[in-house]
Structures are given as structure tokens and as C-alpha cells.
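Since the structure comes first, as C-alpha cells, the remarks are kept for the end.
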Amino acid sequence: MTFNKTKLGKIMKKGKMIILSGPSGSGKTTISHCLLSTFPELKFSVSCTTRSIRNNEIHGKDYYFLSVNSFISKIKKYQFVEWEEVYPKLFYGTLKNEIFKIWKSNQHVLFDIDVKGGLNLKKKYPNNSLSIFIMVNSVKILKERLIARSYKNSNDNEMNLNIRLNKAREENDYAKLFDFVLLNNIDLCQTKRKAIQIVSNFIHK
Ligand code: 5GP
């Protein structure tokens with residue numbers, strides 16, 4: 001899909017983006033499902049990844065699952081608005097076209113993205129983005145959630161628990177750079193309510 005400058009300018013004036021970031025296991029996916037079912041004007045940005053597909057995932061809905069070669073080819077063609085090696089040898093990235101396609105359909109974009117990627121998007125789109133950091137400040141809770149998830153996804157064996165936990169510690173240091181920080185230790189209902197309130201204020205202002 002290609003866009004001429006005027007057309008893209010118009011689309012970008014209207015389109016907004018909501019960036020959900022935070023460590024793996026913080027509850028981003030749950031919050032993002034809650035927001036998508038609350039606001040029909042939101043659409044999930046499907047990222048590309050080179051990690052292997054989990055039992056419950058669908059190509060094109062959860063991620064575009066790509067080989068490393070095809071991911072690299074998209075980097076070379078400047079097709080990503082941002083990409084990161086989120087875990088060693090595992091790449092994740094957002095396609096420019098994914099964002100434009102959503103804005104073109106008069107919807108706002110919802111991202112579930114790692115902290116660096118989230119901050120990069122915020123820097124690129126400072127005027128029409130809302131960034132929310134989902135925080136779990138208890139290593140014990142985070143560990144329990146990650147273990148529960150790895151049981152559900154028996155083929156999730158590359159997801160090394162310690163790598164994810166160490167990354168979580170680092171990521172929490174960046175929370176202050178986000179527009180909002182939502183603590184999601186225990187009371188998921190309250191976190192969902194707060195997220196809905198923040199997003200509603202942003203998209204309806
Ligand atoms: P998972 O493998 O658990 O689905 O995701 C691992 C991490 O990659 C999560 O923190 C998720 O938010 C992040 N992620 C997903 N898509 C993207 C993306 O397009 N870009 C970046 N930078 N991170 C992403």
C-alpha cells in the first residue's frame with residue numbers, strides 16, 4: 001500500500017495511538033483485550049516476530065510470524081516504523097503499513113510493545129500518542145505469571161524465565177518516561193477500570 005503525502009497528512013491528523021508497554025507477564029495482553037472490547041474505534045497493531053508460534057496463537061492475528069531472513073529483508077526495505085531484538089536472537093517490529101492501514105480505516109492504533117519500542121513510537125509521534133506503562137513491582141507475582149504462561153504454551157521453550165525476569169527489572173526503570181503508570185499487581189479489575197478511563201479521556205478529547 002502506498003500513500004501520497006497529502007493523504008498521509010490527513011490520516012495522521014485524525015489517527016491516534018495508544019502504546020501499552022511493560023515487562024513480559026505484566027498483563028499487557030489482558031489489558032489490551034479489555035480495551036479492544038470496550039472501544040470499537042481501537043484496532044490492535046499486529047507486529048512481526050521471529051519467535052516461534054505458541055499453541056493458542058494465530059498468524060496474522062497475534063503476530064506475523066516471520067523467518068529471520070524475511071524479517072531482515074523488511075528492515076533493509078525500511079518497512080518497519082520500529083523494531084527491536086527484544087530477547088537475544090528474537091526480533092519484534094511494527095510495520096509502517098500496519099499503522100497506516102488502521103488509520104485509513106478511521107480507527108486508532110493499540111500497541112502491545114516492549115519498553116524501547118514504546119518509547120521510540122512516543123518520540124516519533126509525540127502529538128497523537130498516549131503511552132501507558134503496565135507495572136508489576138513484585139518479582140514473585142511476575143514469576144508466577146510467567147511460569148503459568150509457559151505451562152499453557154508447551155512449545156514456549158525459548159522463553160527463558162530468567163531472561164524475562166532480568167529484563168523486567170531493567171524495564172521498570174523506564175516507567176517514569178511514560179505518560180501513565182498502571183500498577184497491576186493483584187487487582188486486575190481496578191487496573192482495567194483505570195486503563196479504560198485513561199484511554200477514554202485520550203480518544204474522546
Ligand atoms: P511475547 O513474545 O511475549 O509475545 O512478546 C515479548 C515482548 O515483545 C513483549 O514485551 C511485547 O510487548 C514485545 N513486542 C511485541 N511486538 C513488538 C513490536 O512490534 N516491537 C517491539 N519493540 N516489541 C514488541
Side-chain angles (χ1 to χ4, degrees), residues 17-36 43-66 68 70-72 74-75 78-102 109-125 129-136 142-175 177-178 181-182 184 195:
M17 49 173 69
I18 290 121
I19 303 160
L20 287 186
S21 285
S24 205
S26 61
K28 279 174 295 178
T29 310
T30 311
I31 306 289
S32 109
H33 288 164
C34 162
L35 292 172
L36 289 167
K43 184 123 172 86
F44 183 64
S45 164
V46 179
S47 298
C48 296
T49 182
T50 60
R51 82 148 158 76
S52 50
I53 189 163
R54 293 175 184 151
N55 294 341
N56 54 344
E57 290 179 323
I58 299 171
H59 175 83
K61 179 172 174 278
D62 298 288
Y63 282 106
Y64 302 112
F65 294 93
L66 305 181
V68 174
S70 128
F71 197 99
I72 289 170
K74 287 187 188 306
I75 296 175
Y78 302 101
Q79 290 180 350
F80 289 114
V81 66
E82 67 75 40
W83 65 270
E84 295 291 333
E85 186 175 0
V86 175
Y87 301 109
K89 299 205 175 83
L90 292 180
F91 298 93
Y92 294 75
T94 306
L95 291 169
K96 290 176 187 166
N97 259 355
E98 186 70 13
I99 301 181
F100 299 150
K101 208 169 60 184
I102 296 172
V109 194
L110 178 72
F111 298 94
D112 171 337
I113 190 170
D114 91 316
V115 169
K116 276 192 195 154
L119 291 173
N120 280 336
L121 283 179
K122 189 172 145 62
K123 213 189 282 171
K124 279 194 179 151
Y125 301 93
S129 66
L130 168 78
S131 58
I132 305 175
F133 187 95
I134 313 289
M135 180 184 269
V136 170
L142 209 53
K143 206 168 175 177
E144 280 165 8
R145 286 191 196 161
L146 290 171
I147 289 170
R149 191 166 74 184
S150 72
Y151 273 123
K152 256 201 281 175
N153 301 291
S154 47
N155 61 348
D156 208 5
N157 48 17
E158 90 276 22
M159 299 302 153
N160 184 305
L161 188 64
N162 286 329
I163 292 181
R164 285 188 182 244
L165 283 173
N166 287 337
K167 192 173 162 71
R169 282 191 201 103
E170 280 170 28
E171 285 181 320
N172 278 351
D173 292 343
Y174 292 91
L177 301 176
F178 285 74
V181 178
L182 285 185
N184 188 30

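Values below: all heavy atoms of this structure, side chains included; hydrogens, waters and symmetry mates excluded. Indexing begins at 1, ligand by ligand and atom by atom, following the structure's order. What you are looking at is a predicted structure, and each value in this text was computed from that prediction instead of being measured.
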Any N/O of I113 closer than 3.5 Å to an N/O of ligand 1? yes
Per-atom contacts, ligand 1 versus E84 - under 4.0 Å to a heavy atom: 22 (N)
Does Y87 reach ligand 1 with a nitrogen or oxygen that is under 3.5 Å from one of the ligand's nitrogen or oxygen atoms? no
Could you say whether the N/O atoms of G93 and ligand 1 ever approach to under 3.5 Å? yes
Polar-atom distance check: R164 versus ligand 1, any N or O pair below 3.5 Å? yes
Does atom NZ of K116 have more than 12 heavy-atom neighbours from other groups under 6.0 Å away? no
Kindly confirm or rule out an N or O of R51 lying under 3.5 angstrom from an N or O of ligand 1. yes
Just go through K167, E82, R54 and tell me whose heavy atom is the nearest to atom 3 (O) of ligand 1. R54
Examine distances only and state if a side-chain atom of S70 and a backbone atom of L66 form a donor-acceptor pair shorter than 3.5 Å. no
Without swapping roles, check the side chain of T49 against the backbone of Y92 for a donor-acceptor pair under 3.5 Å. no
Heavy atom of F111 under 4.0 Å from ligand 1? no
Side chain to side chain contact (heavy atoms under 4.5 Å, CB included) filter on K96, not counting sequence neighbours, yields Y78, V81, F100
At under 4.0 Å between heavy atoms, is it the side chain or the backbone of Y63 that contacts ligand 1, or both, or neither? side chain
To atom 22 (N) of ligand 1, the nearest of I134, L95, D114 on a heavy-atom basis is D114
Once rounded to the nearest 0.5 Å, what's the spacing between atom CZ of R51 and atom CZ of F91? 15.0 Å
Under 4.0 Å from one or more heavy atoms of G117, ligand 1 contributes atoms 22 (N)
Find the distance between CD1 (I132) and CZ (F111) and round it off to the nearest 0.5 Å. 13.0 Å
Could you tell me whether K116 approaches ligand 1 through its side chain, its backbone, both or neither, with non-hydrogen atoms closer than 4.0 Å? neither
Main-chain N/O of G22 paired to K28 side chain as donor or acceptor, under 3.5 Å: yes
So, does E98 use its side chain to make a donor-acceptor pair with the main chain of L95 at under 3.5 Å? no
When the ring planes of W83 and F71 are compared, do they come out parallel, tilted or perpendicular, using 30° and 60° as the limits? perpendicular
Here the atoms of ligand 1 under 4.0 Å from any heavy atom belonging to S47 are 16 (N), 17 (C), 18 (C), 19 (O)
